[in-house]
Amino acid sequence: MTGEPLLEARGLTWEISGRKIIEGIEISVGQGETVALVGPNGAGKTTLLKKIALLEEVTAGEIYLQGEKISWRDISARRRLALVLQEPVFFTGSVYYNLQLPLRLRRAAAGEIRAKVENWAERFGISHLLPRDARHLSGGEARKVALIRALIGEPLVLLLDEPFTGLDFSARRELMALLREIKKEGVGILYTTHHLPEVLPLADRAVVMMAGRIVQTGPPVEIVRYPVPEFAPMVADALFFLPEGDGV
Ligand code: ADP
Ligand code: MG
């Protein structure tokens with residue numbers, strides 16, 4: 001299900017020490033749409049995600065949320081965009097403490113906070129982790145807790161940096177299933193990956209980024225079948241490692 005763009009970036013450019021790290025980026029995410037930002041390490045994917053999440057200023061370009069221009073000073077816009085970094089950082093304390101914090105900051109009522117945290121934990125199968133120390137979780141557990149922490153404030157758009165990196169096959173599959181559920185609720189998802197097999201099973205649309213620029217956009221199958229020349233070597237490498245019959 002895709003609709004009007006929820007989120008749109010126009011001409012995003014960021015330059016530091018005379019070097020353009022990202023340049024002229026045009027990207028959009030619709031309601032209930034999942035977009036994969038794919039490209040090799042160093043392409044500028046994490047940088048772009050942080051700029052879109054309004055964590056840092058850009059040199060040029062604009063970001064629109066539901067058609068309204070937003071800027072990095074805009075706290076209420078920031079709350080409607082949830083960023084999950086590759087290595088989540090938790091506060092000292094339990095998983096429950098970390099999950100209730102975003103709601104407490106929004107001054108939600110105590111009963112509502114408890115109900116929401118418990119519901120999300122149950123949905124993600126991590127109820128048993130609520131009393132545990134948030135800084136001593138496995139990679140897969142930490143990824144789920146970070147995702148709940150991002151979702152609990154009911155963002156319009158979820159921005160995920162390399163959400164599957166470092167997870168084993170079953171944790172990866174479980175996370176993909178959870179993200180498909182989130183998508184059904186209308187949340188727009190933009191996630192980065194340097195690994196092509198993480199694009200095909202989840203994304204409605206793929207955006208290929210290389211050396212700070214977008215070089216191709218299209219349905220995942222199309223970018224694999226008809227890659228632009230600069231992306232073709234990466235596709236060839238990925239196909240070499242794909243098991244037979246993986247749907248490509
Ligand atoms: P990706 O996530 O695609 O691997 P990054 O966004 O992390 O790429 O980095 C893109 C490029 O920008 C890299 O060459 C990186 O060294 C550079 N870069 C990122 N942040 C900064 C910064 N604050 N100062 C200078 N260079 C940076
Ligand atoms: Mg990165």
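Basis for what follows: all heavy atoms, side chains included, without hydrogens, waters or symmetry-related copies. What you see is a predicted model; the values in this text were computed from it and never measured. When a ligand or atom number is given, it counts from 1 through the structure's own listing order.
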[X] side chain vs [Y] backbone, donor-acceptor pair below 3.5 Å:
X: Glu26; Y: Gly11; answer: yes
X: Arg143; Y: Pro163; answer: yes
X: Thr13; Y: Gly24; answer: yes
X: Arg80; Y: Ser76; answer: yes

(message) If you define the side chain from C-beta out and look only at heavy atoms, does anything of Glu198 sit under 4.5 Å from Arg172?
(response)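 Heavy-atom side-chain distance check passes, below 4.5 Å.
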(request) May I ask whether Met209 places a heavy atom under 4.0 Å from ligand 1? (result)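 Under 4.0 Å: no for Met209.
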(request) Give a yes/no verdict on whether any heavy atom in Ser17 is under 4.0 Å from an atom of ligand 1. (result)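 No, Ser17 has no heavy atom closer than 4.0 Å to ligand 1.
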If hydrophobic clusters are built by linking Ile, Leu, Val, Met, Phe, Trp and Tyr wherever their side-chain heavy atoms come under 4.5 Å apart, do [X] and [Y] end up in the same one?
X: Trp72; Y: Leu159; answer: yes
X: Leu101; Y: Leu55; answer: no
X: Val228; Y: Val199; answer: yes

Protein contact to [atom] [nearest heavy atom, distance to 0.1 Å]:
atom: atom 25 (C) of ligand 1; value: Ile16 CG2, 3.7 Å
atom: atom 26 (N) of ligand 1; value: Ile21 CD1, 3.9 Å
atom: atom 2 (O) of ligand 1; value: Thr46 OG1, 2.8 Å
atom: atom 23 (N) of ligand 1; value: Trp14 CH2, 3.6 Å
atom: atom 4 (O) of ligand 1; value: Gly42 N, 2.7 Å
atom: atom 9 (O) of ligand 1; value: Thr47 OG1, 3.9 Å
atom: atom 8 (O) of ligand 1; value: Gly44 N, 3.1 Å

(request) Go around the Mg ion (ligand 2) and count every protein N, O or S atom nearer than 2.8 Å. (result)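 Protein N, O or S neighbours of the Mg ion (ligand 2) under 2.8 Å, waters not counted, come to 1.
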(message) Would you compute the distance between atom CD of Glu15 and atom CD1 of Ile21 and round it to the nearest 0.5 angstrom?
(response)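 Answer for the CD-CD1 pair, Glu15 versus Ile21, is 9.0 Å.
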Which atoms of ligand 1 sit under 4.0 Å from any heavy atom of [X]?
X: Pro40; result: 3 (O)
X: Ala43; result: 1 (P), 3 (O), 8 (O)
X: Asn41; result: 4 (O)

(message) Looking at Glu122, I want to see if its CD is surrounded by more than 12 non-hydrogen atoms of other residues, nucleotides or ligands under 6.0 Å.
(response)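 Open.
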(request) Have a look at Leu49 and tell me which of Leu85, Val84, Leu160, Leu190 forms a side chain to side chain contact (heavy atoms under 4.5 Å, CB included) with it. (result)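 Filter result, single survivor: Leu190.
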(message) Within 45 degrees of the ring normal and closer than 6.0 Å to the centroid, is that where the cationic atom of Lys51 sits relative to Trp14?
(response)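 Verdict for Trp14: a cation-pi partner in Lys51.
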(request) Evaluate the 4.0 Å heavy atom contact test for atom 15 (C) of ligand 1: does a protein atom fall under the cut-off? (result)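 Not a single protein heavy atom is under 4.0 Å away.
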